[in-house]
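A quick write-up on the structure given underneath.
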Amino acid sequence: MADVPTAASNKATSVYNDVKEYYGKILKKTSDLKSNACVPSAKSVPAYVRKVIAEIHPDVIAKYYGCGLVVPECLEGCKVLDLGCGSGRDCFMLSQLIGEKGHVTGIDMTEHQLEVAQKYIDYHMQRFGYKKPNVNFVHGYIEALAEAGLEEKSFDIIISNCVVNLSPDKTSVLREAYRVLKDGGEFYFSDVYSNARIPEDLKANKVLWGECISGALWWEDLIRLAEEVGFSKPRLVTASIITVGNKDLEKLLGDYKFVSATYRLFKLPKGLEKRSCLVMYNGDIIGAEESFEFDAQFTFKVDEVMEVNGNVGNILRYSRFAEEFTFQPQGVNTSGGCWAKPKAVSSNPFELVQQLGSASATPSTGGCCAGQESC
C-alpha cells in the first residue's frame, strides 16, 4: 500500500482518505455520482476514438468518472502517463492508439480502482492482439511521482481526466508533471474549473469535493500556476458548462459557476524567443488528415499557410508536432500577408463556451495577436 506523500499535511492526508473512501467504497459505478460534473466532452468524439473505446471491457467503463476526452494527437510509439487513472479506461483507450511499441503507465491512489484496472490488463492485450502488455499500473500519488518511482524526463505525454481537482496540492501535481515530462513533452488534461476561488467552507464539504466541484481551481489560477512551474502558456482546447444538477448542492454553491475545460501544457526549452511565424500542416496526423484542431484558436488545414503567434510557433517547433509542419524560415516578415489567421477566441473558458455556441468566434483580421493578449 502506498503511503501518503512524505510532505503531506494533516489536512491533505484527510483529503486523500476522503477521496479514497468516496471512489473506493461510496461510488460503485458512474451512475452513483450525485452531480453532472462528469460531463461529456464539448467536442464530438472522432470515429477512430469511438472504435477504440468500444473495445474496452464494460466493467472498466462502468467505473469511469472523467469529465472530458483526453486523446492528444500523434500518439504512436509514445510513452504516456495517466494521472489518476482510476479503473484504466483512458489507459486502455490510449494503449491501442500508441501501438505495441508505445507504453502507458497509470497511477492512482485508490486501490479498489486499481484492482479493476489490473484485472483486465490481459483481457485487453489479447483483444488488441499484443504479444506483451504495453500498459502498467502504479499505486501512488499524483503529487509525489518520484516517491512512486517515476523518473525525471521519462514521458512524452501526460494525460489526466477530472482528477487534478481532487488533489489538495495542485502546485505539486503540476510541478511533478513538469519534472517527469521529456523536453518538448505535453500535459494534456481535462478538469473542472470555477469562475472564482472556492472558499474553505465549501472545500471542506466531502460530497462537493468528491464530486469534483469544490476542489476546482479558479481558471486564472491554473494559468498562473502552470507558468510558475515552467510550462509554456496553457492552450485552451474546449470547454463545457457544468450544471451540477443537484438542487441541494446548487444551494450550497450559491453563485459559483463551473466548467469542464481541456488544456494543453507544453514543456519547452528555456529562453526561447517568441516570434510569430508561418506554418503549413502536412496532413499526416491520424484522424486529422484534412485539418488539425490544435486548440480553440488554431485549426490547421492541409497545405494552407497559417500565421501563428510566438507561443504556438515554439510549441509546434519543439514538440512531437515538429515533423507535421513545414515552417517558414526564421526572419521572414509575417506582417500584412494574405494567409490564414487564427480565430479570435477568449482564453476564459466560461466565455469560450458562449463563443462555441455562437458565431462570434470568427477569424481575426489582424496579426497573430489581434484582439488577444500578448503572445
Side-chain angles (χ1 to χ4, degrees), residues 41 43-56 60 66 68-83 85 88-107 117 120-121 123-137 150-151 153-161 177 180-190 235 237 262 264-268 279-295 298-303 312 315-327:
S41 171
K43 298 172 66 176
S44 60
V45 180
Y48 78 98
V49 176
R50 293 198 301 269
K51 182 178 179 181
V52 297
I53 292 176
E55 296 293 319
I56 299 173
V60 173
L69 182 67
V70 285
V71 187
E73 308 80 8
C74 291
L75 289 168
E76 188 170 358
C78 286
K79 190 172 181 182
V80 181
L81 173 64
D82 183 358
L83 300 182
C85 63
R89 193 210 78 157
D90 288 339
C91 290
F92 293 127
M93 174 180 66
L94 295 185
S95 72
Q96 299 170 77
L97 299 175
I98 62 173
E100 204 163 2
K101 293 182 180 180
H103 193 274
V104 182
T105 296
I107 183 169
Y120 289 105
I121 290 179
Y123 167 88
H124 289 102
M125 296 306 105
Q126 292 175 15
R127 193 168 181 88
F128 305 158
Y130 293 167
K131 294 180 180 178
K132 61 179 182 180
N134 70 343
V135 178
N136 76 297
F137 295 99
L150 303 184
E151 298 179 356
K153 297 183 178 181
S154 55
F155 293 95
D156 300 294
I157 303 167
I158 297 175
I159 66 162
S160 184
N161 201 336
V180 302
L181 274 175
K182 298 177 183 178
D183 292 337
E186 177 183 14
F187 184 16
Y188 185 101
F189 69 114
S190 293
R235 306 300 309 178
V237 178
T262 300
R264 327 184 69 128
L265 280 58
F266 287 84
K267 180 180 180 179
L268 301 180
V279 302
M280 185 169 67
Y281 173 51
N282 301 331
D284 294 330
I285 296 177
I286 295 175
E289 289 80 6
E290 296 183 2
S291 65
F292 168 30
E293 188 175 343
F294 177 73
D295 60 17
F298 288 91
T299 297
F300 302 100
K301 297 180 180 180
V302 173
D303 297 334
V312 173
I315 288 172
L316 297 180
R317 191 181 297 276
Y318 293 98
S319 71
R320 68 187 186 282
F321 296 115
E323 296 182 359
E324 308 299 334
F325 288 84
T326 300
F327 294 82

Problem - Pairwise side-chain contact, Arg89 with Val60, heavy-atom cut-off 4.5 Å (strictly under) - result: yes
Handout entry: Parallel, tilted or perpendicular: rings of Tyr281 and Phe292 (30°, 60°)
Key = tilted
Practice task
Look at the side chain of Glu186 and the backbone N and O of Arg264, then say whether any donor-acceptor pair between them is shorter than 3.5 Å.
Solution key: no
Exercise for the section: Under the salt bridge (charged side-chain N to carboxylate O under 4.0 Å, His left out) rule, collect the residues that match up with Asp284, sequence neighbours excluded. Expected result: none
Problem - Heavy-atom pair of closest approach, residues Ile157 and Pro72 - result: CG2-CG, 3.9 Å
Handout entry: Side chain to side chain, Ile107 and Leu83, heavy atoms closer than 4.5 Å
Key = yes
Problem - ring pair (Phe, Tyr, Trp, His ring centres under 6.0 Å) assessment of Tyr120 paired with Phe128 - result: CA-CA 12 Å; Tyr120 289 105; Phe128 305 158; over 10 Å; no
Exercise for the section: Might you confirm whether atom CD of Glu323 has over 12 heavy atoms from other residues, nucleotides or ligands at distances under 6.0 Å? Expected result: no
Practice task
Indicate yes or no for a side-chain donor-acceptor contact from Arg50 to the backbone of Val45 under 3.5 Å, with no hydrogens or angles considered.
Solution key: yes
Problem - Side chain to side chain, Phe298 and Leu316, heavy atoms closer than 4.5 Å - result: no
Exercise for the section: Check whether any side-chain heavy atom of Gln96 lies under 4.5 Å from a side-chain heavy atom of Lys51, and answer yes or no. Expected result: no
Problem - Rounded distance [0.5 Å steps], CG in Asp183 versus OG in Ser319 - result: 12.0 Å
Handout entry: Side chains of Ile121 and Phe92 in contact at under 4.5 Å (non-hydrogen atoms)
Key = yes
Practice task
For the residue pair Phe189 and Phe187, categorise the inter-ring angle as parallel (less than 30°), tilted (30 to 60°) or perpendicular (more than 60°).
Solution key: parallel
Practice task
Side-chain contact test, heavy atoms from C-beta onward, threshold under 4.5 Å: evaluate it for Phe321 versus Val279 and give yes or no.
Solution key: no
Exercise for the section: Establish, for the pair Arg317 and Phe327, whether the NZ or CZ atom is under 6.0 angstrom from the six-membered ring centre and no further than 45 degrees off its axis. Expected result: yes
Practice task
Would you please name every residue forming a ring-ring contact (aromatic ring centres under 6.0 Å, His included) with Phe266, sequence neighbours left out?
Solution key: none
Handout entry: Donor on one side chain, acceptor on other, Asn136 and Thr105, under 3.5 Å
Key = yes
Handout entry: Pair Glu100-Asn134, side-chain contact (heavy atoms from CB on, under 4.5 Å): steps then yes or no
Key = CA-CA 6 Å; Glu100 204 163 2; Asn134 70 343; 5.5 Å; no
Practice task
Identify the two heavy atoms, one from Val70 and one from Ser160, that lie closest to each other, and give their separation to 0.1 Å.
Solution key: CG1-O, 3.4 Å
Practice task
Answer yes or no: is there a donor N or O on one side and an acceptor on the other, between the side chain of Asp82 and the main chain of Gly88, under 3.5 Å?
Solution key: no
Practice task
Taking the side chain as every heavy atom from C-beta outward, state whether Val135 and Met125 have any pair of such atoms under 4.5 Å apart.
Solution key: yes
Problem - Side-chain (Arg320) to main-chain (Glu73) donor-acceptor, under 3.5 angstrom - result: yes
Handout entry: Main-chain N/O of Ser190 paired to Asn161 side chain as donor or acceptor, under 3.5 Å
Key = no
Practice task
Please say whether more than 12 non-hydrogen atoms of neighbouring residues, nucleotides or ligands are located less than 6.0 Å from CD in Glu55.
Solution key: yes
Exercise for the section: Ignoring hydrogens and angles, tell me if any N or O in the side chain of Glu289 forms a donor-acceptor pair with the backbone of Gly287 under 3.5 Å. Expected result: yes
